[in-house]
2 protein chains.
Amino acid sequence: MDSKGRILKLATRLFARQGFAGVSLRSIAEGVGISKPSLLYHFPSKDQLREEVLSEVFDHWARRLPSLVRAVTSRAGQSDELMNELVAFFSEDPDRAHLLLREIIDRPDEMRRRIGDSLRPLVMLVAETIRKGQAVGIVQSDVDPEAYALSMIGLTIVHIVAAPVVEPVLASEGGVVANERLQRELYRIANTSLFSAPARAAKPRRERDERDDSAEARPSR
Amino acid sequence: MDSKGRILKLATRLFARQGFAGVSLRSIAEGVGISKPSLLYHFPSKDQLREEVLSEVFDHWARRLPSLVRAVTSRAGQSDELMNELVAFFSEDPDRAHLLLREIIDRPDEMRRRIGDSLRPLVMLVAETIRKGQAVGIVQSDVDPEAYALSMIGLTIVHIVAAPVVEPVLASEGGVVANERLQRELYRIANTSLFSAPARAAKPRRERDERDDSAEARPSR
DNA sequence: CCTACCGATCGGTAGG
DNA sequence: CCTACCGATCGGTAGG
(Lines give C-alpha, C1' and ligand atoms only; values in the text may rest on other atoms or scores of the structure.)
Protein backbone atom coordinates (compact mmCIF):
# COMPACT_ATOMS: atom_id res chain seq x y z
CA MET A 1 0.00 0.00 0.00
CA ASP A 2 1.22 3.49 -0.80
CA SER A 3 2.15 6.03 1.86
CA LYS A 4 -1.04 8.00 1.51
CA GLY A 5 -3.13 4.94 2.10
CA ARG A 6 -1.06 3.86 5.08
CA ILE A 7 -1.32 7.33 6.58
CA LEU A 8 -5.10 7.29 6.20
CA LYS A 9 -5.38 3.88 7.73
CA LEU A 10 -3.27 4.67 10.79
CA ALA A 11 -4.85 8.11 11.22
CA THR A 12 -8.28 6.47 11.26
CA ARG A 13 -7.20 4.09 14.00
CA LEU A 14 -5.56 6.76 16.12
CA PHE A 15 -8.31 9.37 15.70
CA ALA A 16 -10.85 6.73 16.62
CA ARG A 17 -9.00 5.56 19.71
CA GLN A 18 -7.44 8.76 21.05
CA GLY A 19 -9.44 11.52 19.47
CA PHE A 20 -8.42 14.15 16.94
CA ALA A 21 -6.90 16.53 19.50
CA GLY A 22 -5.10 13.68 21.23
CA VAL A 23 -3.15 12.57 18.18
CA SER A 24 -0.06 14.41 16.87
CA LEU A 25 1.02 14.42 13.26
CA ARG A 26 4.43 13.29 14.45
CA SER A 27 2.97 10.11 16.00
CA ILE A 28 1.17 9.29 12.78
CA ALA A 29 4.22 9.98 10.62
CA GLU A 30 6.41 7.90 12.93
CA GLY A 31 3.99 4.99 12.80
CA VAL A 32 4.11 5.04 9.01
CA GLY A 33 7.88 5.40 8.96
CA ILE A 34 8.18 8.83 7.38
CA SER A 35 8.85 12.35 8.64
CA LYS A 36 6.19 14.84 9.61
CA PRO A 37 6.82 17.17 6.64
CA SER A 38 6.44 14.16 4.36
CA LEU A 39 3.05 13.49 5.85
CA LEU A 40 2.13 17.13 5.25
CA TYR A 41 3.09 16.67 1.63
CA HIS A 42 0.23 14.18 1.21
CA PHE A 43 -2.23 16.08 3.42
CA PRO A 44 -1.76 19.86 3.49
CA SER A 45 -3.04 20.15 7.07
CA LYS A 46 -4.20 18.11 10.04
CA ASP A 47 -7.76 19.27 9.41
CA GLN A 48 -7.57 18.10 5.83
CA LEU A 49 -6.39 14.72 7.07
CA ARG A 50 -9.39 14.46 9.38
CA GLU A 51 -11.63 15.44 6.50
CA GLU A 52 -10.36 12.63 4.32
CA VAL A 53 -10.51 10.10 7.15
CA LEU A 54 -14.17 10.93 7.69
CA SER A 55 -14.94 10.94 3.99
CA GLU A 56 -13.56 7.45 3.71
CA VAL A 57 -15.78 6.17 6.54
CA PHE A 58 -18.87 7.74 5.00
CA ASP A 59 -17.92 6.40 1.58
CA HIS A 60 -17.74 2.92 3.02
CA TRP A 61 -21.18 3.53 4.47
CA ALA A 62 -22.56 4.73 1.14
CA ARG A 63 -21.08 1.73 -0.62
CA ARG A 64 -22.82 -0.48 1.92
CA LEU A 65 -26.22 1.13 1.47
CA PRO A 66 -27.39 -1.14 -1.36
CA SER A 67 -26.95 -4.28 0.73
CA LEU A 68 -28.65 -2.54 3.62
CA VAL A 69 -31.51 -1.68 1.32
CA ARG A 70 -31.73 -5.27 0.21
CA ALA A 71 -31.74 -6.35 3.86
CA VAL A 72 -34.66 -4.07 4.59
CA THR A 73 -36.84 -4.88 1.61
CA SER A 74 -36.28 -8.63 1.52
CA ARG A 75 -38.59 -10.99 3.35
CA ALA A 76 -41.18 -8.34 4.10
CA GLY A 77 -38.69 -6.36 6.16
CA GLN A 78 -37.69 -8.73 8.90
CA SER A 79 -35.64 -6.67 11.30
CA ASP A 80 -33.12 -9.50 11.66
CA GLU A 81 -31.65 -8.74 8.29
CA LEU A 82 -31.27 -5.05 8.95
CA MET A 83 -29.74 -5.58 12.39
CA ASN A 84 -27.38 -8.17 10.95
CA GLU A 85 -26.14 -5.69 8.38
CA LEU A 86 -25.84 -2.89 10.91
CA VAL A 87 -23.94 -5.00 13.42
CA ALA A 88 -21.75 -6.42 10.66
CA PHE A 89 -20.85 -2.99 9.30
CA PHE A 90 -19.64 -1.73 12.66
CA SER A 91 -18.27 -5.04 13.95
CA GLU A 92 -15.96 -5.67 11.04
CA ASP A 93 -14.19 -2.41 11.93
CA PRO A 94 -15.16 -1.05 15.36
CA ASP A 95 -13.15 2.09 14.63
CA ARG A 96 -16.08 3.20 12.51
CA ALA A 97 -18.39 3.21 15.51
CA HIS A 98 -15.79 4.91 17.67
CA LEU A 99 -15.06 7.58 15.10
CA LEU A 100 -18.70 8.26 14.40
CA LEU A 101 -19.69 8.53 18.03
CA ARG A 102 -16.67 10.68 18.80
CA GLU A 103 -17.33 13.12 15.99
CA ILE A 104 -20.96 13.38 17.09
CA ILE A 105 -19.73 14.52 20.50
CA ASP A 106 -16.85 16.67 19.27
CA ARG A 107 -18.41 18.36 16.26
CA PRO A 108 -22.18 18.07 16.49
CA ASP A 109 -22.83 20.88 14.00
CA GLU A 110 -20.64 19.39 11.31
CA MET A 111 -22.02 15.92 11.97
CA ARG A 112 -25.58 17.16 11.70
CA ARG A 113 -24.97 17.87 8.02
CA ARG A 114 -22.98 14.75 7.31
CA ILE A 115 -25.32 12.38 9.11
CA GLY A 116 -28.35 14.05 7.66
CA ASP A 117 -27.13 13.36 4.16
CA SER A 118 -25.81 9.84 4.68
CA LEU A 119 -28.39 8.49 7.08
CA ARG A 120 -31.58 9.91 5.68
CA PRO A 121 -31.89 7.49 2.73
CA LEU A 122 -31.57 4.47 4.99
CA VAL A 123 -33.88 5.81 7.68
CA MET A 124 -36.50 6.80 5.12
CA LEU A 125 -36.43 3.38 3.54
CA VAL A 126 -36.65 1.53 6.83
CA ALA A 127 -39.49 3.82 7.89
CA GLU A 128 -41.37 3.17 4.67
CA THR A 129 -41.00 -0.58 5.10
CA ILE A 130 -42.21 -0.33 8.68
CA ARG A 131 -45.29 1.60 7.57
CA LYS A 132 -46.12 -1.12 5.10
CA GLY A 133 -45.76 -3.66 7.88
CA GLN A 134 -48.12 -1.59 9.98
CA ALA A 135 -50.69 -1.50 7.19
CA VAL A 136 -50.60 -5.30 6.95
CA GLY A 137 -50.67 -5.66 10.71
CA ILE A 138 -47.39 -7.48 11.26
CA VAL A 139 -45.79 -4.38 12.82
CA GLN A 140 -47.13 -2.73 15.95
CA SER A 141 -49.27 0.27 15.07
CA ASP A 142 -47.71 2.64 17.61
CA VAL A 143 -44.14 2.29 16.34
CA ASP A 144 -42.65 5.63 15.25
CA PRO A 145 -40.87 4.43 12.10
CA GLU A 146 -38.10 7.01 11.82
CA ALA A 147 -37.48 7.20 15.55
CA TYR A 148 -37.36 3.41 15.74
CA ALA A 149 -34.78 3.21 12.95
CA LEU A 150 -32.57 5.84 14.56
CA SER A 151 -32.87 4.21 17.97
CA MET A 152 -31.71 0.86 16.64
CA ILE A 153 -28.77 2.42 14.83
CA GLY A 154 -27.82 4.24 18.03
CA LEU A 155 -28.22 1.12 20.11
CA THR A 156 -26.02 -0.83 17.71
CA ILE A 157 -23.24 1.75 17.81
CA VAL A 158 -23.29 2.14 21.59
CA HIS A 159 -23.28 -1.63 21.87
CA ILE A 160 -20.09 -1.92 19.84
CA VAL A 161 -18.34 0.85 21.74
CA ALA A 162 -19.48 0.11 25.27
CA ALA A 163 -19.55 -3.68 25.28
CA PRO A 164 -15.92 -4.16 26.39
CA VAL A 165 -16.40 -1.54 29.11
CA VAL A 166 -19.57 -2.89 30.70
CA GLU A 167 -18.37 -6.46 30.43
CA PRO A 168 -17.49 -6.82 34.15
CA VAL A 169 -21.11 -6.06 35.06
CA LEU A 170 -22.22 -9.06 33.03
CA ALA A 171 -19.28 -11.31 33.69
CA SER A 172 -20.57 -12.67 37.00
CA GLU A 173 -23.03 -14.82 35.08
CA GLY A 174 -20.66 -17.55 34.02
CA GLY A 175 -21.03 -19.46 30.79
CA VAL A 176 -22.04 -17.26 27.90
CA VAL A 177 -19.66 -14.51 26.92
CA ALA A 178 -20.80 -11.02 27.88
CA ASN A 179 -20.67 -9.68 24.35
CA GLU A 180 -22.85 -12.47 23.05
CA ARG A 181 -25.47 -11.84 25.74
CA LEU A 182 -25.59 -8.16 24.84
CA GLN A 183 -25.89 -8.90 21.15
CA ARG A 184 -28.62 -11.45 21.64
CA GLU A 185 -30.54 -8.98 23.77
CA LEU A 186 -30.00 -6.29 21.13
CA TYR A 187 -31.68 -8.51 18.55
CA ARG A 188 -34.47 -9.47 20.92
CA ILE A 189 -35.24 -5.82 21.77
CA ALA A 190 -35.22 -4.87 18.10
CA ASN A 191 -37.73 -7.61 17.28
CA THR A 192 -40.14 -7.51 20.18
CA SER A 193 -40.46 -3.74 20.01
CA LEU A 194 -41.27 -3.88 16.31
CA PHE A 195 -43.45 -6.84 15.38
CA SER A 196 -47.00 -7.34 16.54
CA ALA A 197 -47.57 -9.41 19.64
CA PRO A 198 -49.83 -12.06 18.00
CA ALA A 199 -47.20 -12.97 15.43
CA ARG A 200 -44.67 -13.51 18.18
CA ALA A 201 -46.97 -15.10 20.72
CA ALA A 202 -48.37 -17.74 18.36
CA LYS A 203 -45.03 -19.42 18.02
CA PRO A 204 -45.75 -22.98 19.26
CA ARG A 205 -48.96 -23.08 17.21
CA ARG A 206 -46.99 -22.60 14.01
CA GLU A 207 -50.04 -21.40 12.10
CA ARG A 208 -48.11 -19.47 9.50
CA ASP A 209 -45.34 -21.52 7.98
CA GLU A 210 -42.19 -20.18 6.43
CA ARG A 211 -41.96 -16.87 8.25
CA ASP A 212 -42.21 -18.38 11.67
CA ASP A 213 -38.65 -19.26 12.53
CA SER A 214 -37.25 -15.90 11.51
CA ALA A 215 -39.65 -13.90 13.64
CA GLU A 216 -37.43 -14.59 16.62
CA ALA A 217 -34.03 -12.96 16.61
CA ARG A 218 -30.79 -14.86 16.34
CA PRO A 219 -27.34 -13.28 16.06
CA SER A 220 -25.78 -14.16 12.75
CA ARG A 221 -22.81 -15.97 14.25
CA MET B 1 -19.16 29.88 44.76
CA ASP B 2 -15.47 29.55 45.54
CA SER B 3 -12.78 29.34 42.90
CA LYS B 4 -12.31 25.61 43.26
CA GLY B 5 -16.00 25.01 42.66
CA ARG B 6 -16.09 27.31 39.67
CA ILE B 7 -13.06 25.63 38.18
CA LEU B 8 -14.65 22.20 38.58
CA LYS B 9 -17.88 23.37 37.02
CA LEU B 10 -16.28 24.96 33.97
CA ALA B 11 -13.81 22.10 33.55
CA THR B 12 -16.72 19.66 33.51
CA ARG B 13 -18.46 21.62 30.76
CA LEU B 14 -15.33 22.00 28.64
CA PHE B 15 -14.10 18.42 29.06
CA ALA B 16 -17.57 17.20 28.15
CA ARG B 17 -17.86 19.38 25.05
CA GLN B 18 -14.30 19.48 23.71
CA GLY B 19 -12.64 16.50 25.31
CA PHE B 20 -9.81 16.32 27.81
CA ALA B 21 -7.01 16.71 25.25
CA GLY B 22 -8.86 19.54 23.54
CA VAL B 23 -9.05 21.79 26.59
CA SER B 24 -6.08 23.80 27.88
CA LEU B 25 -5.61 24.78 31.50
CA ARG B 26 -5.24 28.37 30.30
CA SER B 27 -8.73 28.36 28.75
CA ILE B 28 -10.24 27.08 31.99
CA ALA B 29 -8.34 29.56 34.14
CA GLU B 30 -9.30 32.39 31.81
CA GLY B 31 -12.95 31.45 31.98
CA VAL B 32 -12.87 31.51 35.75
CA GLY B 33 -10.96 34.78 35.78
CA ILE B 34 -7.72 33.62 37.36
CA SER B 35 -4.24 32.77 36.09
CA LYS B 36 -3.08 29.33 35.14
CA PRO B 37 -0.71 28.92 38.13
CA SER B 38 -3.61 29.85 40.39
CA LEU B 39 -5.62 27.02 38.91
CA LEU B 40 -2.70 24.68 39.51
CA TYR B 41 -2.72 25.74 43.14
CA HIS B 42 -6.19 24.18 43.54
CA PHE B 43 -5.48 21.17 41.34
CA PRO B 44 -1.86 20.00 41.26
CA SER B 45 -2.11 18.73 37.69
CA LYS B 46 -4.45 18.52 34.73
CA ASP B 47 -4.86 14.81 35.35
CA GLN B 48 -5.84 15.46 38.94
CA LEU B 49 -8.44 17.94 37.70
CA ARG B 50 -9.92 15.32 35.40
CA GLU B 51 -9.94 12.87 38.26
CA GLU B 52 -12.00 15.22 40.45
CA VAL B 53 -14.35 16.12 37.62
CA LEU B 54 -15.12 12.45 37.07
CA SER B 55 -15.44 11.74 40.79
CA GLU B 56 -18.05 14.45 41.06
CA VAL B 57 -20.12 12.98 38.24
CA PHE B 58 -19.97 9.52 39.78
CA ASP B 59 -20.80 10.92 43.22
CA HIS B 60 -23.91 12.54 41.75
CA TRP B 61 -24.78 9.17 40.32
CA ALA B 62 -24.26 7.41 43.66
CA ARG B 63 -26.39 10.02 45.40
CA ARG B 64 -29.11 9.34 42.87
CA LEU B 65 -29.06 5.60 43.31
CA PRO B 66 -31.62 5.48 46.16
CA SER B 67 -34.29 7.19 44.08
CA LEU B 68 -33.41 4.91 41.18
CA VAL B 69 -33.82 1.96 43.50
CA ARG B 70 -37.18 3.26 44.59
CA ALA B 71 -38.17 3.69 40.96
CA VAL B 72 -37.33 0.09 40.21
CA THR B 73 -38.96 -1.54 43.22
CA SER B 74 -42.15 0.54 43.30
CA ARG B 75 -45.27 -0.57 41.46
CA ALA B 76 -43.96 -4.03 40.72
CA GLY B 77 -41.12 -2.58 38.67
CA GLN B 78 -42.84 -0.71 35.91
CA SER B 79 -40.10 0.29 33.54
CA ASP B 80 -41.63 3.75 33.16
CA GLU B 81 -40.32 4.80 36.54
CA LEU B 82 -36.81 3.60 35.87
CA MET B 83 -36.65 5.19 32.43
CA ASN B 84 -38.00 8.43 33.87
CA GLU B 85 -35.23 8.51 36.45
CA LEU B 86 -32.57 7.61 33.90
CA VAL B 87 -33.69 10.21 31.39
CA ALA B 88 -34.05 12.79 34.15
CA PHE B 89 -30.56 12.18 35.48
CA PHE B 90 -28.92 12.76 32.13
CA SER B 91 -31.36 15.37 30.84
CA GLU B 92 -30.95 17.76 33.73
CA ASP B 93 -27.27 17.99 32.84
CA PRO B 94 -26.45 16.53 29.43
CA ASP B 95 -22.76 17.04 30.14
CA ARG B 96 -22.95 13.91 32.26
CA ALA B 97 -23.92 11.82 29.28
CA HIS B 98 -21.30 13.48 27.09
CA LEU B 99 -18.54 13.02 29.67
CA LEU B 100 -19.44 9.43 30.37
CA LEU B 101 -19.61 8.43 26.74
CA ARG B 102 -16.40 10.27 25.97
CA GLU B 103 -14.46 8.64 28.77
CA ILE B 104 -15.74 5.25 27.67
CA ILE B 105 -14.19 5.89 24.27
CA ASP B 106 -11.03 7.62 25.48
CA ARG B 107 -10.12 5.49 28.50
CA PRO B 108 -11.98 2.19 28.25
CA ASP B 109 -9.70 0.43 30.75
CA GLU B 110 -10.13 3.04 33.45
CA MET B 111 -13.88 3.23 32.81
CA ARG B 112 -14.22 -0.53 33.07
CA ARG B 113 -13.31 -0.27 36.76
CA ARG B 114 -15.34 2.85 37.46
CA ILE B 115 -18.46 1.71 35.66
CA GLY B 116 -18.20 -1.74 37.12
CA ASP B 117 -18.34 -0.35 40.62
CA SER B 118 -20.98 2.32 40.12
CA LEU B 119 -23.29 0.53 37.73
CA ARG B 120 -23.32 -2.96 39.13
CA PRO B 121 -25.65 -2.24 42.08
CA LEU B 122 -28.26 -0.68 39.82
CA VAL B 123 -28.02 -3.32 37.14
CA MET B 124 -28.21 -6.11 39.70
CA LEU B 125 -31.29 -4.60 41.29
CA VAL B 126 -33.06 -4.06 38.00
CA ALA B 127 -32.17 -7.58 36.94
CA GLU B 128 -33.55 -9.01 40.16
CA THR B 129 -36.81 -7.12 39.74
CA ILE B 130 -37.07 -8.33 36.16
CA ARG B 131 -36.61 -11.93 37.25
CA LYS B 132 -39.43 -11.54 39.74
CA GLY B 133 -41.58 -10.16 36.97
CA GLN B 134 -40.70 -13.16 34.85
CA ALA B 135 -41.70 -15.52 37.66
CA VAL B 136 -45.11 -13.85 37.88
CA GLY B 137 -45.47 -13.75 34.12
CA ILE B 138 -45.75 -10.01 33.55
CA VAL B 139 -42.27 -9.88 32.01
CA GLN B 140 -41.32 -11.78 28.89
CA SER B 141 -39.50 -14.98 29.77
CA ASP B 142 -36.70 -14.56 27.23
CA VAL B 143 -35.50 -11.17 28.50
CA ASP B 144 -31.85 -11.22 29.58
CA PRO B 145 -32.20 -9.11 32.73
CA GLU B 146 -28.69 -7.66 33.01
CA ALA B 147 -28.25 -7.18 29.28
CA TYR B 148 -31.65 -5.49 29.09
CA ALA B 149 -30.75 -3.04 31.86
CA LEU B 150 -27.44 -2.15 30.25
CA SER B 151 -29.05 -1.76 26.83
CA MET B 152 -31.60 0.71 28.18
CA ILE B 153 -28.94 2.74 29.98
CA GLY B 154 -26.91 2.84 26.78
CA LEU B 155 -29.92 3.76 24.69
CA THR B 156 -30.77 6.58 27.09
CA ILE B 157 -27.26 8.02 26.98
CA VAL B 158 -26.93 7.81 23.22
CA HIS B 159 -30.35 9.40 22.91
CA ILE B 160 -29.28 12.42 24.96
CA VAL B 161 -26.04 12.85 23.05
CA ALA B 162 -27.18 12.12 19.51
CA ALA B 163 -30.66 13.63 19.51
CA PRO B 164 -29.58 17.13 18.40
CA VAL B 165 -27.41 15.61 15.69
CA VAL B 166 -29.96 13.29 14.10
CA GLU B 167 -32.70 15.87 14.37
CA PRO B 168 -32.67 16.82 10.66
CA VAL B 169 -33.49 13.22 9.74
CA LEU B 170 -36.67 13.45 11.78
CA ALA B 171 -37.52 17.07 11.13
CA SER B 172 -39.27 16.45 7.82
CA GLU B 173 -42.25 15.11 9.73
CA GLY B 174 -43.74 18.42 10.81
CA GLY B 175 -45.64 18.89 14.03
CA VAL B 176 -44.06 17.05 16.93
CA VAL B 177 -40.55 18.08 17.90
CA ALA B 178 -37.87 15.58 16.93
CA ASN B 179 -36.58 15.14 20.45
CA GLU B 180 -40.02 14.31 21.77
CA ARG B 181 -40.56 11.69 19.10
CA LEU B 182 -37.26 10.04 19.98
CA GLN B 183 -38.05 10.07 23.68
CA ARG B 184 -41.51 8.66 23.17
CA GLU B 185 -40.07 5.87 21.06
CA LEU B 186 -37.39 5.26 23.70
CA TYR B 187 -40.10 4.63 26.29
CA ARG B 188 -42.14 2.51 23.92
CA ILE B 189 -39.16 0.30 23.06
CA ALA B 190 -38.28 -0.08 26.74
CA ASN B 191 -41.83 -1.20 27.55
CA THR B 192 -42.75 -3.44 24.66
CA SER B 193 -39.45 -5.30 24.82
CA LEU B 194 -39.90 -5.98 28.52
CA PHE B 195 -43.51 -6.73 29.45
CA SER B 196 -45.47 -9.74 28.31
CA ALA B 197 -47.62 -9.34 25.22
CA PRO B 198 -50.97 -10.26 26.85
CA ALA B 199 -50.69 -7.51 29.46
CA ARG B 200 -50.09 -4.97 26.71
CA ALA B 201 -52.54 -6.31 24.17
CA ALA B 202 -55.53 -6.40 26.54
CA LYS B 203 -55.62 -2.64 26.81
CA PRO B 204 -59.11 -1.74 25.50
CA ARG B 205 -60.67 -4.54 27.54
CA ARG B 206 -59.44 -2.99 30.77
CA GLU B 207 -59.74 -6.25 32.64
CA ARG B 208 -57.15 -5.42 35.25
CA ASP B 209 -57.76 -2.03 36.81
CA GLU B 210 -55.14 0.14 38.39
CA ARG B 211 -52.07 -1.12 36.59
CA ASP B 212 -53.58 -0.66 33.18
CA ASP B 213 -52.78 2.96 32.37
CA SER B 214 -49.13 2.70 33.37
CA ALA B 215 -48.41 -0.30 31.20
CA GLU B 216 -48.09 2.00 28.23
CA ALA B 217 -45.16 4.38 28.24
CA ARG B 218 -45.52 8.12 28.50
CA PRO B 219 -42.64 10.59 28.75
CA SER B 220 -42.80 12.42 32.04
CA ARG B 221 -43.13 15.87 30.52
C1' DC C 1 10.35 12.35 0.32
C1' DC C 2 14.22 14.86 3.64
C1' DT C 3 16.71 18.34 7.29
C1' DA C 4 16.31 22.40 9.58
C1' DC C 5 13.65 25.60 11.57
C1' DC C 6 9.48 28.75 12.81
C1' DG C 7 6.19 30.91 16.31
C1' DA C 8 2.64 29.40 19.33
C1' DT C 9 1.02 26.89 22.89
C1' DC C 10 1.21 23.16 26.02
C1' DG C 11 1.49 21.55 31.26
C1' DG C 12 4.01 22.76 35.03
C1' DT C 13 7.53 25.28 38.37
C1' DA C 14 10.10 29.04 41.04
C1' DG C 15 9.54 32.40 43.97
C1' DG C 16 7.03 35.56 46.26
C1' DC D 1 -3.61 34.18 44.46
C1' DC D 2 0.28 36.62 41.11
C1' DT D 3 4.49 37.41 37.45
C1' DA D 4 8.01 35.35 35.14
C1' DC D 5 9.81 31.59 33.17
C1' DC D 6 10.93 26.48 31.95
C1' DG D 7 11.52 22.58 28.45
C1' DA D 8 8.67 19.99 25.44
C1' DT D 9 5.71 19.58 21.85
C1' DC D 10 2.40 21.30 18.73
C1' DG D 11 1.04 22.25 13.47
C1' DG D 12 3.19 24.02 9.73
C1' DT D 13 6.96 26.17 6.39
C1' DA D 14 11.45 26.93 3.70
C1' DG D 15 14.26 25.02 0.74
C1' DG D 16 16.04 21.43 -1.51
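In what follows, chains are A, B, ... by sequence order, proteins preceding strands, each numbered from 1. Everything quoted here is computed from the prediction, not taken from an experiment.
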So that I can tick it off, tell me whether [Y] and [X] are bridged by a salt bridge, with the cut-off set at under 4.0 angstrom between side-chain N and carboxylate O.
{"X": "B:R50", "Y": "B:E103", "result": "yes"}
{"X": "A:R188", "Y": "A:E185", "result": "yes"}
{"X": "A:R114", "Y": "A:E51", "result": "yes"}

Checking contacts here: which listed nucleotide ([options]) is nearest the side-chain heavy atoms of [X]?
{"X": "B:L25", "options": "C:dA4, C:dG11, D:dC10", "result": "C:dG11"}
{"X": "A:L40", "options": "D:dT3, C:dG12, D:dT13", "result": "D:dT13"}
{"X": "A:P37", "options": "D:dT13, C:dA14, C:dG11", "result": "D:dT13"}

Legend entry - Presence of A:S24 side-chain N/O under 4.0 Å of D:dC10 phosphate oxygens OP1/OP2: yes
[X] has an atom [atom1]; how far is it from atom [atom2] of [N], in whole Å?
{"X": "A:I34", "N": "C:dT3", "atom1": "CD1", "atom2": "P", "answer": "12 Å"}
{"X": "B:R26", "N": "C:dA8", "atom1": "CZ", "atom2": "P", "answer": "13 Å"}
{"X": "A:K36", "N": "D:dA14", "atom1": "NZ", "atom2": "P", "answer": "14 Å"}
{"X": "B:L39", "N": "D:dT3", "atom1": "CG", "atom2": "P", "answer": "14 Å"}

Legend entry - A:R96 to A:F89, cation-pi by 6.0 Å centre distance and 45° axis angle: yes
Legend entry - Separation of A:L186 CG from A:E180 CD (nearest 0.5 Å): 13.0 Å
Legend entry - Atom pair CG/CG of A:L39 and A:L25 - distance to nearest 0.5 Å: 6.0 Å
Legend entry - Watson-Crick/G-U partner (both atom distances under 3.5 Å) of D:dA4: C:dT13
Inset, instruction - Could you pull out all residues at least two apart from B:S35 that satisfy side chain to side chain donor-acceptor pair (under 3.5 Å)? - result: B:S38
Inset, instruction - Determine the contact category for B:V23: base if any of its heavy atoms lies under 4.0 Å from a base atom, sugar-phosphate if only primed atoms, P, OP1 or OP2 are that close, otherwise nothing. - result: sugar-phosphate
Inset, instruction - Looking at every strand, decide which applies to B:S35 at a 4.0 Å heavy-atom threshold: base, sugar-phosphate, or nothing. - result: base
Legend entry - Proximity to DNA chain C (any heavy atom under 4.0 Å), residues of residues 41-57 of chain B only: B:S45, B:K46
